[in-house]
Amino acid sequence: MELHIKSEFDCVYLINGELVERADTVCVAEFDVVYVTVLPLRLNLLPYTVRLCGAENVSGEVYSGIRLDENNYLLSMSPRYMTVYGAAPPSVAPSSPIARLFSLVKNGDLGSAYAMLSEELRSNIDKNDLNGFFADFERIAECTWENSGARFYLIDKNGGAKLHSYSLRDEFIDDIVEVD
């Protein structure tokens, strides 16, 4: 099974005690217990460890792990701050078109989301269709570990993940398709 670790901050990892600089794809046995310690590279962040028991879904205040499909497991790690109270840290804007689209739809900015679509796609769907497409999903996980860069999982509140792909035309999203 391939373990994909995504962090929202610069860090290195200890995976079962072994230092790893990048953990886009790490091969692990499906039923092994794996300990992942994140070591932030910023002084105001604290390290922490996540215990993965096989391919079970896990979640905590600063991490979540989900079985995407038969061969892929995604562990998402958020920063752990030293201060308990204070202003919320600034959020990082999504960098890819599909992540931006998902974020805009989830934040209710359907006009901006609709403007990200190609003319052909806009002629086939309306804003309600776009909102309905993403309605049952809470998170998006891009397959940055693949060279194609145009595949992503949509994850529902129960931890179910569906693989999708998208295509661009002239910097606009031209199509989104569920992959079997």
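Because only heavy atoms are used, hydrogens play no part in the values below, and waters and symmetry mates are left out as well, while side chains stay in.
- Shown here for Val105 and Ala113, the closest heavy-atom pair between the two residues is CG2-CB, 3.7 Å.
- Under the 4.5 Å side-chain heavy-atom criterion for Ile, Leu, Val, Met, Phe, Trp and Tyr, Val36 and Met1 are members of the same hydrophobic cluster.
- Atom CG in Asp175 sits 10.5 Å away from atom CG in Leu117 (nearest 0.5 Å).
- Inter-residue side-chain proximity for Asn71 and Glu2 is flagged as unmet; no heavy-atom pair is nearer than 4.5 Å.
- The line from CG of Leu130 to CE of Met116 is 10.0 Å long, rounded to the nearest 0.5 Å.
- A single hydrophobic cluster is seen to contain both Val26 and Met77, as judged by linkage of ILVMFWY side chains at heavy-atom distances under 4.5 Å, directly or through other members.
- Taking a 6.0 Å sphere around CG of Leu43, one finds it holds 12 or fewer heavy atoms contributed by other residues, nucleotides or ligands.
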Q.
Would Arg151 and Trp145 count as a side chain to side chain contact (heavy atoms under 4.5 Å, CB included) here? Give the steps.
A. CA-CA 10 Å; Arg151 292 166 56 113; Trp145 54 87; over 6 Å; no
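- In terms of heavy atoms, Leu121 sits closest to Ile173 at CD2-O, 3.6 Å.
- Atom CD of Glu21 has 12 or fewer neighbouring heavy atoms from other residues, nucleotides or ligands inside a 6.0 Å radius.
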Q: Give the intermediate values and the outcome of side chain to side chain contact (heavy atoms under 4.5 Å, CB included) for residues Lys106 and Ile140.
A: CA-CA 11 Å; Lys106 286 305 184 180; Ile140 185 171; over 6 Å; no
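- In terms of modelled atom types and a separation under 3.5 Å, the side chain of Lys162 and the main chain of Asp156 share no donor-acceptor contact.
- Summarising the geometry of Ala23 relative to Ile15, their closest heavy-atom pair is CB-CD1, 4.3 Å, with the distance given to 0.1 Å.
- Residues forming a salt bridge (Lys or Arg N to Asp or Glu O under 4.0 Å) with Arg139 (at least two apart in sequence, or on another chain): none.
- Applying the salt bridge (charged side-chain N to carboxylate O under 4.0 Å, His left out) definition to pairs two or more places apart or across chains, none involves residues 39-62.
- Evaluation of the side chain to side chain donor-acceptor pair (under 3.5 Å) rule for Tyr63 yields no partner, not counting sequence neighbours.
- Evaluation of the ring-ring contact (aromatic ring centres under 6.0 Å, His included) test over residues 11-54, restricted to residues two or more places apart or in two chains, returns none.
- A search for side chain to side chain contact (heavy atoms under 4.5 Å, CB included) contacts involving Glu171 returns nothing, not counting sequence neighbours.
- Of all heavy-atom pairs spanning Ser96 and Glu142, the tightest one is OG-OE1, 2.5 Å.
- Contacts classified as salt bridge (charged side-chain N to carboxylate O under 4.0 Å, His left out) and involving residues 107-121 (residues at least two apart or in different chains) are given here: Glu120-Arg169.
- With rounding to the nearest 0.5 angstrom, the CD1 atom of Ile98 is 7.5 Å from the CG atom of Leu154.
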Q: Show the numbers, then the answer: is there a side chain to side chain contact (heavy atoms under 4.5 Å, CB included) between Tyr166 and Leu101?
A: CA-CA 11 Å; Tyr166 70 99; Leu101 178 71; over 6 Å; no
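- Sequence neighbours left out, the pairs with a member in residues 26-35 that pass salt bridge (charged side-chain N to carboxylate O under 4.0 Å, His left out) are Glu30-Arg67.
- When the ring pair (Phe, Tyr, Trp, His ring centres under 6.0 Å) test is applied to His164, the partners found at least two apart in sequence or on another chain are Phe133, Phe152.
- For residues 96-127, the pairs satisfying ring-ring contact (aromatic ring centres under 6.0 Å, His included) are Phe102-Phe134, with sequence neighbours left out.
- Put simply, CG on Leu39 and CG on Leu45 are 11.5 Å apart, with the number rounded to the nearest 0.5 Å.
- Between His4 and Thr25 the shortest side-chain heavy-atom distance falls below 4.5 Å.
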Q: Determine, stepwise, if the pair Asn72 / Leu163 fulfils side chain to side chain contact (heavy atoms under 4.5 Å, CB included).
A: CA-CA 11 Å; Asn72 295 288; Leu163 182 61; over 6 Å; no
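- Remark: Ser165 engages no residue in a side chain to side chain donor-acceptor pair (under 3.5 Å) (not counting sequence neighbours).
- Residues Glu8 and Ser78 share a closest heavy-atom pair of OE2-OG, 3.1 Å.
- Placement of Val20 and Val33 in two distinct hydrophobic clusters is found when ILVMFWY residues are connected by side-chain heavy-atom separations under 4.5 Å, directly or transitively.
- Evaluation of the side-chain hydrogen bond (donor to acceptor under 3.5 Å, both in side chains) test over residues 123-134, restricted to residues two or more places apart or in two chains, returns none.
- With sequence neighbours excluded, no residue forms a side chain to side chain donor-acceptor pair (under 3.5 Å) with Ser59.
- A 4.5 Å side-chain heavy-atom check between Val62 and Val38 finds every atom pair outside the cut-off.
- Annotation: side chain of Asn16 is not in contact with side chain of Val28 (no heavy-atom distance under 4.5 Å).
- The cluster map of Ile, Leu, Val, Met, Phe, Trp and Tyr, joined by side-chain heavy atoms under 4.5 Å apart, puts Leu74 and Val50 in different clusters.
- The minimum heavy-atom distance linking Gly160 with Ile66 is given by the pair N-CD1, 4.4 Å.
- With a 4.5 Å cut-off on side-chain heavy atoms, Leu14 and Thr49 do not count as touching.
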